[in-house]
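Note that ligands are numbered from 1 as they come in the structure, with each ligand's atoms numbered from 1 the same way.
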Amino acid sequence: MLVVMQSHASEQQVREVCERIESLGLKAHAIPGSGRTAIGITGNNGAVDLGFLESMPGVIECIPVTKPYKLVSRDVKQEDTVVRIPTPSGDVLVGGGHLAMIAGPCAVETEEQCLAVAAQLKPTGVRLFRGGAYKPRTSPYSFQGLGLAGLKILAKVRDTYGFGIVTEAIDNESLDLVDEWADVIQIGARNMQNFSLLKRAGRAKKPVLLKRGMSATLDEFLMAAEYILSEGNYNVMLCERGVRTFSDFSRNTLDLAVVPAVKKRSHLPILVDPSHGTGKRHKVLPLSLAAAAVGADGLLVEVHHQPEKALSDGIQSILPSEYAQLFQEVQQIASVVHHTVN
Ligand code: PEP
Ligand code: MN
């Protein structure tokens, strides 16, 4: 259910409607828009008649939201959500015409490695640095990440070069640490339906980058995001990273058609990861340009200064010099679709 407030409704009236909703044991989510505030209601397991809310001061109408996802839906909020990520070199905006660039190695391997990649990325203009301190690996014998020591290295990257830090949390314990040490909490493809982790991310302070599961439908992807919003964290960015298909020439099939499909259904930003989406270095530039052309709100790209020595995903990692070219070319394509790169 969605309560639409009048454009001139006062903050007090919005608060009173929220309080009334919460007094019934439900959860109220006030969602300010440019013209008016809407209040999403969650927590009702069956049909509840909330028509009486229409008689409260400041309310225009109550609309049932028929989609399975509510708070992520455009029915609830028409305008694009713009996620603001504070970094030492100014806020990075994601969504609503702002395309955010994120680059860095697959994994945090050593301090020297991260500082070397960061030093070479700095002149490209990118302001968000990625790197996994916790690595969800297919094999228990593969490099699992440095954990807290890795988060400390990322903090050093932030302090030294002014990057905002994007890094993955794989369980509740690491999520608390990532929330404390990083600027964006990444939830990886393998955890897209880890519902307790999603709920925990919904209670975190930092924005969340939610990657699409490798066999997730669009509804499942949006429902996963709904878990995070339903707990009160509205700063969620979606990320397409390729899905499993019968195609055998690439690691995954990058589903770029999901970008306009998400935009039609949801106000949340949708980013693209052409690195995991293709698995091969030579495909990263063309697919980055294609992602910008279909209106992606950001690009997450793996970059390593010595990809042949990388402990994970070296084959799909590009060099910093290649990233510099990618950044410039993405800017050109983005301007055609009226997006600004930052
Ligand atoms: C990553 O971005 O480091 C990663 C592990 O990606 P995914 O969850 O999409 O496989
Ligand atoms: Mn990787």
Under 2.8 Å from the Mn ion (ligand 2) - protein N/O/S, by chain and number: Cys106 SG, His276 NE2, Glu302 OE2, Asp313 OD2
Can you list, by chain and residue number, the hydrophobic cluster partners of Leu209 when the side-chain cut-off is 4.5 Å? Val83, Ile85, Val92, Val94, Ile102, Leu128, Val166, Val184, Met237, Leu271, Leu300
Salt bridge check: are Arg200 and Asp171 linked by an N-O gap of less than 4.0 Å? no
Salt-bridge present (Glu231, Arg203; N to O < 4.0 Å): yes
Mind checking what makes side chain to side chain donor-acceptor pair (under 3.5 Å) contact with Glu308, not counting sequence neighbours? none
What does the list of residues with a heavy atom under 4.0 Å from ligand 1 look like, ordered by chain and number? Arg130, Lys135, Glu168, Gln186, Gly188, Ala189, Arg190, Lys211, Arg241, His276
Between Asp313 and His276, is any side-chain donor less than 3.5 angstrom from a side-chain acceptor? yes
Pairing donors with acceptors under 3.5 angstrom, does anything connect the side chains of Gln328 and Gln332? no
With hydrophobic residues grouped by side-chain heavy-atom distances under 4.5 Å, do Val59 and Ile31 end up in a single group? no
Side-chain donor/acceptor of Thr160 to backbone N/O of Lys156, under 3.5 Å: yes
Does one hydrophobic cluster hold both Phe195 and Met223, with members joined at side-chain heavy-atom distances below 4.5 Å? yes
